[in-house]
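Since we're looking at a predicted model, the values are computed, not measured.
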Amino acid sequence: MNMEYNFDEIIERKGTDTYKYAHVQKVCGREDVLPMWVADMDFKTPPFVMRAIENRLKQQVLGYTCPPESYYESIVNWCRSHFNWDITTSDINYVPGVVCGIYLAMQAFTEKGDKILIQEPVYHPFRIVPEGSERVIVWNHLVRTETSFAMDLEALRRDIKGCKMMILCNPHNPAGKCWDIETLREVAHICHEEGVVVVSDEIHCDMVLGGRRHIPFATVSDEAQSIAITLQAPTKTYNMPGIVCAHAIVPDSKLRTRYFGYIHNSDMDLGNIFAFDCAKACYSEEGDEWRRQMLAYVEGNIDLLTEGIARITDKIKVIRPEASFLVFLDCRGLGFKTQKECTRFFADQCHLCLNPGEMFGPGGHCYMRINLGCPRETVRKALALIEVGIKVIV
């Protein structure tokens with residue numbers, strides 16, 4: 001019998017060194033705000049994850065711990081059952097976080113001064129990591145559509161020339177876009193022709209909404225498989241980002257040898273004592289049931305936000321995500337000239353701490369990102385705060 005999980009429960013996170021509370025003063029210039037920015041959830045970390053940690057603690061020695069074969073097998077089985085993707089255990093390597101996996105790929109396959117393409121607006125570490133390592137960012141701009149964003153493939157053909165790497169966000173953050181197979185196949189063809197390695201950040205792959213199915217970039221063609229480094233993690237879906245646990249999947253033997261060799265020689269694949277047990281717990285039948293219930297609840301939050309904002313104002317457009325608990329809000333209709341004005345409106349008039357759109361690139365100008373991985377009551381509070389703020393400026 002399946003357990004019913006309670007996502008309405010309010011978990012007090014103040015005073016626990018949680019990032020989203022500890023840094024609101026720095027981000028918003030005030031503390032009397034409702035924090036809905038940092039991309040972790042306010043739900044309890046699932047009980048099967050907590051049990052895995054408790055069982056490991058019972059051994060009473062926190063020593064060096066090897067990844068068991070069952071860890072790799074759990075990923076193989078998950079990819080087969082959820083993505084129709086047949087991989088082997090040798091295709092997988094632990095990495096200490098998806099962003100770190102991007103950094104390690106960049107170090108393994110590029111040099112200082114090399115060009116790396118990113119598609120903005122996009123998750124900001126895609127820019128921060130290369131720039132911090134003296135690589136050159138090439139901006140490939142996504143196109144705003146009526147409901148979301150799309151790739152400009154003709155522009156990609158021009159922009160990719162001379163690049164050594166492309167960092168792909170699949171599904172996309174912050175827009176929550178699930179790229180279709182035709183688009184991904186064309187990206188693979190363009191990058192294959194130019195000899196570009198594609199690092200595909202797929203951390204949101206287990207949070208696809210509306211009955212969709214995630215399409216791993218590496219599966220769309222032989223060309224894709226030959227150039228793809230896929231990065232996944234259970235940490236986002238199962239609300240355990242404090243457990244550093246991610247993995248790379250590289251089917252191509254040449255890429256795999258070079259990338260995994262670099263990771264190993266950097267001493268970055270030792271993992272931690274809880275990572276492997278927690279991942280196995282998530283990639284299980286019990287984990288899948290929790291995931292389904294969580295996603296149904298999040299979709300309810302998205303419905304509530306979409307309907308609520310439509311009732312309050314026509315000046316904010318909700319980009320309904322096809323994946324994830326993060327929602328991109330198009331606030332250009334509010335009429336602010338700068339991102340700072342837009343951000344200050346939400347902080348000062350609405351008392352909400354959200355992510356400013358321009359942190360994801362110039363295409364995010366006067367957008368805001370809101371986190372709906374939270375109890376329903378938090379969403380209701382946010383809508384009430386937005387309604388009060390809107391009355392100030394109309």
Side-chain angles (χ1 to χ4, degrees), residues 64-80 83 85-118 126 129-130 133-135 160 162-170 184-185 187-203 205 216-234 244-272 275-276 279 283:
Y64 292 114
T65 304
C66 303
E69 190 66 18
S70 56
Y71 162 72
Y72 299 106
E73 290 170 352
S74 70
I75 298 170
V76 168
N77 293 334
W78 189 266
C79 287
R80 182 182 300 119
F83 315 132
W85 187 13
D86 285 321
I87 57 173
T88 68
T89 56
S90 62
D91 295 335
I92 305 164
N93 207 94
Y94 171 90
V95 289
V98 166
V99 173
C100 188
I102 293 171
Y103 171 80
L104 291 167
M106 186 185 65
Q107 295 296 328
F109 292 96
T110 72
E111 304 288 339
K112 290 181 180 180
D114 283 347
K115 295 179 180 179
I116 297 178
L117 182 139
I118 64 174
F126 284 21
V129 170
S133 300
E134 299 180 55
R135 272 60 171 179
I160 201 70
C163 293
K164 292 292 184 65
M165 179 173 287
M166 172 179 175
I167 309 175
L168 174 69
C169 204
N170 177 42
L184 293 174
R185 197 170 281 157
V187 169
H189 180 65
I190 291 168
C191 290
H192 185 269
E193 281 193 329
E194 297 295 329
V196 173
V197 174
V198 177
V199 179
S200 185
D201 173 355
E202 304 191 6
I203 196 170
C205 65
F217 172 74
T219 67
V220 300
S221 65
D222 290 341
E223 288 180 326
Q225 180 171 283
S226 71
I227 59 174
I229 294 172
T230 301
L231 298 171
Q232 298 177 344
V244 181
C245 179
H247 53 271
I249 302 173
V250 187
D252 183 80
S253 60
K254 290 182 179 179
L255 286 186
R256 186 170 63 244
T257 298
R258 184 167 173 179
Y259 183 46
F260 290 2
Y262 185 87
I263 295 170
H264 179 71
N265 292 334
S266 302
D267 202 25
M268 297 290 279
D269 59 352
L270 290 178
N272 68 75
F276 311 121
Y283 296 142

* Using the six-membered ring wherever Trp is involved, compare the ring planes of Phe276 and Tyr71 and label them parallel, tilted or perpendicular (cut-offs 30° and 60°). =>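 Taking Tyr71 first and then Phe276, their aromatic rings stand perpendicular (interplane angle over 60°).
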* Structure fact -> residues 251-267 vs side-chain hydrogen bond (donor to acceptor under 3.5 Å, both in side chains), sequence neighbours excluded, gives Asp91-Arg256
To the nearest 0.5 Å, tell me how far [X] [atom1] sits from [Y] [atom2].
| X | Y | atom1 | atom2 | value |
| --- | --- | --- | --- | --- |
| Thr110 | Lys115 | OG1 | NZ | 13.5 Å |
| Ile263 | Met268 | CD1 | CE | 9.0 Å |
| Asp269 | Asn93 | CG | CG | 5.0 Å |

* From Glu194, His192, Met165, residue fulfilling side chain to side chain contact (heavy atoms under 4.5 Å, CB included) relative to Ile227 ->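 Of the listed residues Glu194, His192, Met165, the side chain to side chain contact (heavy atoms under 4.5 Å, CB included) partner of Ile227 is His192.
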* **Exceeds 12 heavy-atom contacts within 6.0 angstrom, atom OH of Tyr72** => yes
* Asked: Are Arg135 and Asp114 ion-paired here, with the side-chain N under 4.0 Å from a carboxylate O?
  -> no
* Does the side chain of Cys100 come within less than 4.5 Å of Val95's, by heavy atoms? ->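 A side-chain contact is absent here, since even the closest heavy-atom pair is not under 4.5 Å.
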* Does any N or O in the side chain of Glu202 come within less than 3.5 Å of the main-chain N or O of Phe217, such that one atom is a donor and the other an acceptor? -> yes
* To do: Check whether any side-chain N or O of Asn272 sits under 3.5 Å from a backbone N or O of Val244 as a donor-acceptor pair, and report yes or no.
  =>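 Side chain of Asn272 to backbone of Val244: a pair is present.
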* Structure fact -> Closest heavy-atom pair, Ile229 versus Ala105, reported as atoms and distance to 0.1 Å, is CD1-CB, 4.2 Å
* Take Cys79 and Gln232, measure what side chain to side chain contact (heavy atoms under 4.5 Å, CB included) needs, and give me the verdict at the end. => CA-CA 10 Å; Cys79 287; Gln232 298 177 344; 3.9 Å; yes
